[in-house]
Amino acid sequence: MIEPPAPPEGQQAEQGGLEQPARLSLAGFQQADILKTEQIPCLGATGVASWLPTPEGVVIISQTCDVVRDNKEYLQVAPLVRLQGNSARQAAKGAMPGYVLVPKAGTNAFADLDHVATVSKQHLALLVPQRGVTSTQDLRLFGMRVGRRYSRFAFPDAISEWLQPLKGLVIEKSGRSASALGHVLDKGVESLRLECSPSWDNGAPYDLTLLVVVKAGLLPVLNEGEPPPSASATLARWLWDADGSLLRKPAPIAEKIVEVSPTTSLGDRLWLWECFAESLAAMCRPPASALPSVANSVAGGEFSSEVATAREVAYERILRSEEIDLEHLSPPLPR
């Protein structure tokens, strides 16, 4: 349990008849540090504070600059929790924004951002911090994922219904390396982003593009102005019908992507990924029972698609697109 410290001898101040503890330094503490404490205070729905057990301790989620600044008297901490199975795999990839990986505590250890407590530095200064991350890269990733929890975009309810099938597919297959689709989603895809042109502010129907961002080296590099190479005749017959409509769903295309070798032509490599992105976009459909306001909320009745590496996506485009966080896609509203 976090208990207030006794003020150091000779450093007591009086205000309104109450002795004030001297400020204690948190020099050496940083964001993502783990503190061993048995419980933290949380405000319940009735407005009454209660104590939440934290048997694994807590994690500092405040930024390091706020941790060490003397003019900041309080910090935010979150319980350290253990997740299992697919939940741990999804959370580790950032697909469940309510949980942020704390790698030094184990591959199944996460800061639970649904139960954040504000605690005085005077209390925390009595505890001994343990590093939750040790590399600059991990610390940066931890901070980004904490920040995303509070800054992520809320898609319109109608669009959330369109995204439900894609959400179900990714949650089912991600983390399953034995599945070709799971392997491609885990090892090849950096993120799934949704872009609205020209702006969400224009309202429905929304002109939407699913942007599939893949890891560097997976797409052939073309010179500026160079036309994309064609797919081989064999692959073209497998991918498209006589009218040019895509014949395949994500799973069989993923199987072909896994089979890509150094002898695979640049055209086949490119079009397999292009069609994989198209097949994911094709999954984005509202249920047959959707209200007209939902069914008609997407321009043309379908998402467009595009595939690119992170290096190819301009910063401006990142700003006008939103990452699809699986956890915050709420189920359809009751009717």
ring-ring contact (aromatic ring centres under 6.0 Å, His included) against Phe142, all qualifying residues, sequence neighbours excluded
none
Consider side-chain contact (heavy atoms from CB on, under 4.5 Å). Of Val170, Leu163, Val213, which one does Leu192 pass it with?
Val170
Scan Ile40, Thr37, Ile34 and name whichever one has a side-chain contact (heavy atoms from CB on, under 4.5 Å) with Val77.
Ile40
Which distance, rounded to the nearest 0.5 Å, do you find between the CH2 of Trp200 and the CZ of Arg320?
13.0 Å
Closest approach of [X] to [Y] (non-hydrogen atoms, all atoms of both residues):
X	Y	result
Ser297	Ala158	OG-CB, 3.6 Å
Arg82	Ala109	NH1-CB, 3.5 Å
Leu43	Ala49	CD1-N, 3.8 Å
Tyr206	Cys196	CD2-SG, 3.9 Å
Lys215	Asp186	NZ-O, 3.9 Å
Leu208	Val298	CD1-CG2, 4.0 Å

Any chance the side chains of Ser232 and Thr234 put a donor and an acceptor closer than 3.5 Å?
no
Thr54 side chain to Gln39 side chain, donor-acceptor N/O pair below 3.5 angstrom:
no
Residues at least two apart in sequence or cross-chain that pass salt bridge (charged side-chain N to carboxylate O under 4.0 Å, His left out) with Arg69, listed by chain then number, are Asp66
Heavy-atom check, side chain of [X] versus side chain of [Y], under 4.5 Å:
X	Y	value
Asp33	Arg131	yes
Trp162	Phe155	no
Gln63	Lys72	no
Val81	His115	no
Pro129	Leu124	no
Leu222	Pro228	yes
His183	Lys173	no

Does any N or O in the side chain of [X] come within less than 3.5 Å of the main-chain N or O of [Y], such that one atom is a donor and the other an acceptor?
X	Y	answer
Asn296	Pro292	yes
Trp271	Pro229	yes
Gln31	Ile61	yes
Lys104	Thr134	no
Ser179	Leu181	yes
Ser305	Leu210	no

Test side chain to side chain contact (heavy atoms under 4.5 Å, CB included) applied to Val133 and Gln30, step by step:
CA-CA 10 Å; Val133 302; Gln30 70 175 25; 4.0 Å; yes
For residues 240-255, which side-chain N or O atoms pair as donor and acceptor with protein atoms under 3.5 Å away, sequence neighbours left out?
| residue | atom | partner | partner atom | Å |
| --- | --- | --- | --- | --- |
| Asp241 | OD1 | Asp243 | N | 2.9 |
| Asp241 | OD1 | Gly244 | N | 3.0 |
| Asp241 | OD1 | Ser245 | N | 2.8 |
| Arg248 | NE | Trp238 | O | 2.7 |
| Arg248 | NH2 | Trp238 | O | 3.2 |

